[in-house]
Amino acid sequence: MASKSRPSSRVSALAVTPFAHLLAVAVIALVLAWLLHFREGVAFHSHIKPKIFNLHPLLMVIGFLLISGEAIMAYKSVPAERKTKKMVHLILHFIALLAGIVGVYAVFKYHHEIGTPDLYTLHSWIGISTICLFGIQWLFAFFSFWLPVAEKGTRAKIVPWHSFFGIVIFFMAILSAEMGLAEKFTFLKLRHGQEALVMNFTGLLILLFAISVGLTVLLP
């Protein structure tokens with residue numbers, strides 16, 4: 001007897017992306033609450049130097065990390081033709097790259113103005129490596145897939161490696177962000193209280209966001 005057909009129980013990426021978007025909104029809210037309520041606020045120029053530093057987590061988490069995650073999910077979350085998805089993917093990654101560059105500049109500026117050396121922690125090593133690899137990946141993809149310079153057959157061979165390195169770089173950004181939060185938590189000598197909870201929950205939600213982005217890549 002022929003077996004009865006059953007509806008597919010496979011979870012699709014479309015079921016995960018709304019959750020990822022909600023997590024991104026929650027992370028944005030927590031980062032803004034932390035920097036604007038518990039810290040000094042943000043500014044490019046100020047006699048209150050921590051305001052300059054605060055641009056770094058603002059731009060690296062919201063501008064670099066979250067937008068690059070949304071760019072990765074664009075192929076699954078944007079209801080449009082593939083060419084449009086490709087353009088959204090490219091533009092969002094470019095915005096993330098610009099935000100990352102300005103975010104790195106902000107922390108270098110802060111260190112220069114208070115007389116602190118640069119690039120002396122593992123967080124900074126992984127962070128600067130991530131932004132450099134991200135820039136190389138974007139330029140390579142722009143010339144290979146958008147212009148494109150490479151032939152069609154070559155592009156087809158490059159795609160899996162582009163996807164692989166893109167995910168690796170994204171999770172390097174996640175690692176760097178988590179290390180940065182832990183480092184700042186230690187510098188501030190926090191133990192308990194509302195600010196400690198906000199920072200810890202920010203880290204947890206960033207991790208969940210990363211997992212959600214990874215699922216959208218793996219799921220059909």
Atom pair [atom1] ([X]) and [atom2] ([Y]), whose distance is rounded to the nearest 0.5 Å:
X      : Y      : atom1 : atom2 : answer
Ile126 : Leu133 : CD1   : CG    : 11.5 Å
Ile211 : Phe19  : CD1   : CZ    : 9.0 Å
Lys157 : Ser144 : NZ    : OG    : 14.0 Å
Ile174 : Ser176 : CD1   : OG    : 10.0 Å
Leu92  : Leu66  : CG    : CG    : 11.5 Å
Met179 : Thr121 : CE    : OG1   : 7.0 Å

Any idea how [X] and [Y] line up, ring-wise: parallel (<30°), tilted (30 to 60°), or perpendicular (>60°)?
X      : Y      : answer
Tyr75  : His89  : tilted
His93  : Phe134 : perpendicular
Phe209 : Phe170 : perpendicular
His111 : Tyr120 : tilted
Trp161 : Phe164 : perpendicular

Compare every heavy atom of [Y] with every heavy atom of [X], then report the nearest pair and how far apart it is.
X      : Y      : answer
Trp34  : Pro57  : CZ3-CB, 4.0 Å
Ile101 : Ile131 : N-CD1, 4.1 Å
Ala106 : Ile52  : O-CG2, 3.7 Å
Ala20  : Ser212 : CB-CB, 3.6 Å
Ser68  : Ala96  : N-CB, 3.9 Å
Met73  : Thr216 : CG-OG1, 3.3 Å

Looking at [Y], is its backbone amide N or carbonyl O close enough to the side chain of [X] to form a donor-acceptor pair, meaning the two atoms are under 3.5 Å apart?
X      : Y      : result
Trp146 : Ala141 : no
Asn54  : Val42  : no
Lys86  : Phe145 : yes
Lys51  : Ser46  : no

Should we say atom CZ of Phe94 is surrounded by more than 12 heavy atoms from elsewhere, each under 6.0 Å from it?
no

Has Gln194 got more than 12 heavy atoms of other residues, nucleotides or ligands less than 6.0 Å from its CD?
no

Apply side-chain contact (heavy atoms from CB on, under 4.5 Å) to the pair Phe44 and Val102, showing each step before the final yes or no.
CA-CA 10 Å; Phe44 269 111; Val102 178; 3.6 Å; yes

In one Ile/Leu/Val/Met/Phe/Trp/Tyr side-chain cluster, 4.5 Å: [X], [Y]:
X      : Y      : result
Phe201 : Leu35  : yes
Leu22  : Ile67  : no
Leu32  : Met199 : yes
Leu204 : Phe171 : yes
Ile114 : Leu119 : yes

Answer yes or no: is there an ion pair linking Glu40 with Lys49, defined by an N-O contact shorter than 4.0 Å?
no

Applying side-chain contact (heavy atoms from CB on, under 4.5 Å) to Val217 and Ile72, what does each step give before you reach the verdict?
CA-CA 8 Å; Val217 174; Ile72 291 172; 3.6 Å; yes

Counting C-beta onward and ignoring hydrogens, is there a side-chain heavy-atom pair between [X] and [Y] closer than 4.5 Å?
X      : Y      : answer
Phe64  : Leu59  : no
Thr116 : Phe53  : no
Met172 : Ser129 : yes
Ile28  : Val31  : no
Glu70  : His21  : yes
Lys76  : Val16  : no
Leu181 : Ile206 : yes
Lys109 : His45  : yes

Residue pair Asn200, Phe185: steps toward the side-chain contact (heavy atoms from CB on, under 4.5 Å) verdict:
CA-CA 9 Å; Asn200 284 335; Phe185 192 99; 3.9 Å; yes

